[in-house]
Protein chains: 2
Amino acid sequence: MPHDTPHAEACPGCQTPDLAFAQHDHGHCSTDALARAEALAVARGVRLTPVRRRVLEILLEEHKAMGAYDVLTRLAAEGFGNQPPVAYRALEFLEDQGFAHRICRLNAFTACMHPGEDHAPAFLICRVCDTVAEAPAAPVMAALTKAAAQSGFVIERANIEALGLCPACAGTA
Amino acid sequence: MPHDTPHAEACPGCQTPDLAFAQHDHGHCSTDALARAEALAVARGVRLTPVRRRVLEILLEEHKAMGAYDVLTRLAAEGFGNQPPVAYRALEFLEDQGFAHRICRLNAFTACMHPGEDHAPAFLICRVCDTVAEAPAAPVMAALTKAAAQSGFVIERANIEALGLCPACAGTA
DNA sequence: GATATGTATGTGATACTATAACACGTCAAG
DNA sequence: CTTGACGTGTTATAGTATCACATACATATC
């Protein structure tokens with residue numbers, strides 16, 4: 001019975017939030033996230049088809065925010081369709097399933113590192129080096145849900161994105 | 001000495017968060033926000049030129065999220081330039097000065113109702129009626145700042161956007 | 001007053017992002 | 001076997017945003 005423990009507990013690079021911008025064994029994260037996504041797809045009765053799976057792999061490999069057309073270029077090079085809808089449909093599927101996140105500010109997408117954990121991601125975008133970190137934001141989401149509830153608004157999906165300076169770029173500046 | 005009290009204290013419609021989706025005397029909000037923006041521009045030594053001012057007025061009049069091209073159409077009809085950069089430049093200026101906000105999820109912009117108050121806006125977007133409410137989100141921003149700080153990230157600007165159902169649409173569903 | 005400098009605007013062209021609409025193939029249910 | 005749901009491929013098009021250059025207009029400086 002695999003994957004019943006959060007990824008962060010087993011991944012040194014993901015254990016502490018302050019390592020979000022640091023190097024870590026990303027290979028482990030990738031294979032783990034992919035395995036989790038596959039298991040979740042089966043459990044939910046949705047199909048992680050070749051295109052969808054490959055898009056997720058690409059996002060995991062790159063480990064950065066990618067535009068739909070960046071993904072499409074790679075898909076086309078591998079014999080998949082080379083028209084925009086191919087990429088957009090796969091990305092939409094991954095987002096719907098929580099396997100990937102859309103970063104509106106960048107018109108880009110990134111693989112979710114913690115699929116199935118029902119987390120609330122916040123994205124920290126460095127305006128200098130363009131690195132994007134996915135920070136744990138459960139308290140942020142809680143506060144947002146509360147604020148929305150005061151207006152009677154029911155949140156279904158949220159985008160929490162911050163633009164600023166990562167530790168490295170803040171240091172050199 | 002005008003404008004030394006927060007707008008919400010004087011505007012019935014803005015006093016309580018739970019009225020964010022309700023009707024209120026928007027005329028008062030508009031003129032107030034415009035006057036505040038003008039004062040702030042003078043104080044900061046930046047120029048609220050005719051185009052910029054008109055764009056802000058348009059956003060305030062419409063009181064909803066508008067695409068850059070929607071704004072541009074209105075500008076062109078009034079004798080201003082009719083090319084995209086005209087609108088985008090004005091909108092960027094307004095966003096930089098905190099007179100307007102960008103709603104990434106909608107590729108749209110909206111006037112800020114509380115310019116100069118250093119608030120943290122969260123946008124609640126109804127997926128049924130497309131209404132957008134600007135909810136007070138100081139606690140949300142505080143949580144986000146804290147989460148970012150744990151990674152050593154310094155936030156300069158944040159987008160907090162939620163998609164879901166507004167009270168009215170949630171009721172009819 | 002003439003000149004320089006920074007800023008703002010106008011314009012044409014173009015790049016980038018995203019979706020609509022339809023055809024075809026596959027698979028499972030009835 | 002037929003139907004219907006789903007996924008993919010493709011053409012075409014819609015929508016969003018920026019680049020690059022020219023011009024105007026302000027203020028500051030000589």
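Computed over heavy atoms, backbone and side chain alike; hydrogens, waters and symmetry mates excluded. Sequence lines set the chain letters: A, B, ... in the order given, protein chains first and strands last, and positions in each chain run from 1.
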Measure [atom1]/[X] against [atom2]/[N] and give the value in whole Å, please.
{"X": "B:N82", "N": "C:dT11", "atom1": "CG", "atom2": "P", "value": "6 Å"}
{"X": "B:D96", "N": "C:dT7", "atom1": "CG", "atom2": "C1'", "value": "14 Å"}
{"X": "B:L48", "N": "D:dA26", "atom1": "CG", "atom2": "P", "value": "16 Å"}
{"X": "B:L91", "N": "D:dT16", "atom1": "CG", "atom2": "C1'", "value": "12 Å"}
{"X": "B:F93", "N": "D:dA17", "atom1": "CZ", "atom2": "P", "value": "20 Å"}
{"X": "A:E92", "N": "D:dC6", "atom1": "CD", "atom2": "C1'", "value": "14 Å"}
{"X": "A:F80", "N": "C:dG25", "atom1": "CZ", "atom2": "P", "value": "19 Å"}
{"X": "B:F109", "N": "D:dT16", "atom1": "CZ", "atom2": "C1'", "value": "9 Å"}

Measuring to OP1 and OP2 of [N], would you say a side-chain N or O of [X] lies under 4.0 angstrom away?
{"X": "B:R102", "N": "D:dA17", "value": "yes"}
{"X": "B:Q83", "N": "C:dG10", "value": "no"}
{"X": "B:Y69", "N": "D:dG15", "value": "no"}
{"X": "A:N107", "N": "D:dT16", "value": "no"}

Side chains of [X] and [Y]: does their closest heavy-atom pair fall under 4.5 Å?
{"X": "A:P115", "Y": "A:F99", "result": "yes"}
{"X": "B:I155", "Y": "B:M141", "result": "yes"}
{"X": "A:I58", "Y": "A:D70", "result": "no"}

Review point. Checking all strands, does B:R105 fall into the base, sugar-phosphate, or nothing category for heavy-atom contacts under 4.0 angstrom?
Key: nothing
Of the nucleotides [options], which one has an atom closest to the side chain of [X]?
{"X": "A:V51", "options": "C:dG10, C:dT17, D:dT8", "result": "D:dT8"}
{"X": "B:P84", "options": "C:dA13, C:dT9, D:dT11", "result": "C:dA13"}
{"X": "B:R89", "options": "D:dA17, C:dT11, C:dT7", "result": "C:dT11"}
{"X": "B:T49", "options": "D:dT8, C:dA8, D:dT10", "result": "C:dA8"}
{"X": "B:R47", "options": "D:dT11, D:dT18, C:dA8", "result": "C:dA8"}

**Study point:** A:G67 vs A:P85, nearer the 5' end of DNA chain C by closest nucleotide
**Key:** A:G67
**Study point:** Side-chain donor or acceptor of A:E161 paired with backbone N/O of A:F123 under 3.5 Å
**Key:** no
Exercise for review: Answer yes or no on whether B:R102 is positioned over the face of B:F109, meaning its NZ or CZ is under 6.0 Å from the six-membered ring centre and within 45° of the axis.
Suggested key: no
